[in-house]
**Student:** 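One structure follows; several queries about it will come next.
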Amino acid sequence: MKKIFKGLSVLVAATALCAGVATATACSGGYNGTYYGEYHYMSQYGVYGMVVEVTVENNIITGVKDITNTDDSYAVSVQKDANGNAQKWTVVSNANPDYGWTENSVSNWTNNESWLLQQYNGKAVADILEISVFTDYAWKLDGSAKEPGTMGQPYNADHNAELQSSGLLITNSTQGSGRLLLAVQNALKK
């Protein structure tokens, strides 16, 4: 008789455990699949932004691709001006000494972007969504400034401690690194 009760109690405990795991999985809002996102803003020099494709398996990022200015259907659908015309976005500025971009600045981003994209692999979706990226003023088409924090350029590293400590930063390319993270977060929030 004791063996029967012991067997039943093990069965009940196992059933409860399985039900708990199933409930937790169903309630976790799990990510699994391919997601698309973007982040862009106007500056006095034009439109800056990035469009990304993010793949996720069991809430872990397995890949991030920069699809900005490609013929990818999502990129084409979001990269439009106010009149619906196709628009190119600037991922990294050309060398422009008046704005502080040198050839070294440009090549720093270009040479390290693929490294930065790979740094997202293996990161948990929840951890990426928790990183704050602080932005400066955005610009309207007429050249006047919008309110701070409304899709503007990411602040420099001194004002983006979370981005800096995340390891998702190319040194001396905080704005580009911030645009990438904001685009990835946009994809994962959908």
Side-chain angles (χ1 to χ4, degrees), residues 29 31 34-70 75 78-79 88-139 145-190:
Y31 287 85
T34 303
Y35 302 89
Y36 295 88
E38 56 89 13
Y39 185 83
H40 73 284
Y41 56 89
M42 286 292 301
S43 84
Q44 59 270 44
Y45 301 103
V47 180
Y48 283 77
M50 291 192 76
V51 185
V52 295
E53 175 187 285
V54 182
T55 53
V56 179
E57 290 181 25
N58 300 319
N59 295 318
I60 302 296
I61 296 173
T62 59
V64 175
K65 247 195 249 183
D66 176 1
I67 57 172
T68 314
N69 299 324
T70 66
V78 296
Q79 288 187 247
K88 294 279 186 193
W89 290 355
T90 302
V91 175
V92 63
S93 297
N94 293 325
N96 181 346
D98 299 334
Y99 188 56
W101 280 92
T102 64
E103 290 294 333
N104 287 340
S105 301
V106 175
S107 63
N108 182 44
W109 174 264
T110 305
N111 294 338
N112 292 297
E113 182 186 12
S114 63
W115 169 85
L116 181 58
L117 293 168
Q118 292 172 11
Q119 298 312 299
Y120 284 85
N121 294 352
K123 303 263 190 233
V125 169
D127 292 341
I128 294 300
L129 290 174
E130 287 181 6
I131 302 169
S132 295
V133 177
F134 295 99
T135 61
D136 195 355
Y137 291 93
W139 295 88
K146 292 183 186 178
E147 293 298 313
T150 55
M151 290 188 79
Q153 70 182 12
Y155 278 119
N156 65 30
D158 294 339
H159 293 89
N160 264 305
E162 285 187 41
L163 175 60
Q164 192 168 9
S165 67
S166 71
L168 300 172
L169 177 73
I170 296 173
T171 303
N172 297 323
S173 290
T174 304
Q175 291 178 355
S177 301
R179 284 191 291 269
L180 175 58
L181 179 55
L182 289 165
V184 169
Q185 289 176 336
N186 176 257
L188 296 174
K189 288 178 181 176
K190 294 181 179 180

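Note that the numbering runs from 1 along the sequence shown for the chain. Please read these numbers as outputs of a predicted model, since none were measured by experiment.
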**Student:** So N172 and N104, do their side chains get closer than 4.5 Å, heavy atoms only?
**Tutor:** no
**Student:** Is it the case that the side chain of T68 and the backbone of V51 share a donor-acceptor pair, with hydrogens and angles ignored and the cut-off at 3.5 Å?
**Tutor:**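 Pair found, side chain donor or acceptor close to backbone of V51.
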**Student:** Begin from the C-alpha positions of V78 and Y36 and carry the test side-chain contact (heavy atoms from CB on, under 4.5 Å) through to its verdict.
**Tutor:** CA-CA 10 Å; V78 296; Y36 295 88; over 6 Å; no
**Student:** Looking at CZ of F134 and CG of N160, how far apart are the two atoms once the value is rounded to the nearest 0.5 Å?
**Tutor:**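 Going from the CZ atom of F134 to the CG atom of N160 covers 7.0 Å.
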**Student:** Do Y39 and V133 have side chains that get closer than 4.5 Å, going by heavy atoms?
**Tutor:**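 Counting from C-beta outward, Y39 and V133 never come under 4.5 Å.
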**Student:** Is the count of non-hydrogen atoms from other residues, nucleotides or ligands lying under 6.0 Å from E57 atom CD greater than 12?
**Tutor:**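 Counting neighbours around CD of E57, 12 or fewer heavy atoms of other residues, nucleotides or ligands fall under 6.0 Å, so no.
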**Student:** For the backbone of S107 and the side chain of T110, can you confirm whether one donor and one acceptor N or O come within less than 3.5 Å of each other?
**Tutor:** no
**Student:** If you round to the nearest 0.5 Å, how far is CG of N69 from CD of Q79?
**Tutor:**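 Spacing of CD (Q79) from CG (N69) equals 4.5 Å.
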**Student:** May I have all residue pairs that pass side chain to side chain donor-acceptor pair (under 3.5 Å) and include part of residues 113-129, sequence neighbours excluded?
**Tutor:**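 Counting only pairs at least two positions apart or across chains, no side chain to side chain donor-acceptor pair (under 3.5 Å) contact touches residues 113-129.
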**Student:** In Å, rounded to the nearest 0.5 Å, how long is the span from CG of L117 to CG of N112?
**Tutor:** 11.0 Å
**Student:** Using only atom types and a distance under 3.5 Å, with no angle test, would you say the side chain of D66 pairs donor to acceptor with the backbone of M50?
**Tutor:**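 No; judged by distance alone, with no hydrogens or angles, the pair does not exist.
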**Student:** Would V125 and Y35 count as a side-chain contact (heavy atoms from CB on, under 4.5 Å) if you check the C-alpha gap in whole Å, the side-chain angles of each, and the deciding distance to 0.1 Å?
**Tutor:** CA-CA 12 Å; V125 169; Y35 302 89; over 6 Å; no
**Student:** For E53, check salt bridge (Lys or Arg N to Asp or Glu O under 4.0 Å) against everything at least two apart and list the hits.
**Tutor:** K65
**Student:** If you look only at distance, which donor and acceptor atoms sit under 3.5 Å apart when one is on a side chain in residues 176-187 and the other is two or more places apart or in another chain?
**Tutor:**
from : atom 1 : to   : atom 2 : distance (Å)
S177 : OG     : I170 : N      : 3.0
S177 : OG     : S173 : O      : 2.8
R179 : NH1    : Y41  : OH     : 2.6
R179 : NH2    : V91  : O      : 2.8
Q185 : NE2    : I128 : O      : 2.8
Q185 : NE2    : I131 : O      : 2.7
N186 : OD1    : E38  : N      : 2.9

**Student:** Do L188 and I61 have side chains that approach each other closer than 4.5 Å (heavy atoms only, starting at C-beta)?
**Tutor:** yes
**Student:** Restricting to non-hydrogen atoms, name the atom on V47 and the atom on W89 that form the minimum distance, rounded to 0.1 Å.
**Tutor:**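 Smallest interatomic distance, heavy atoms only, reads CG1-CD1, 3.4 Å.
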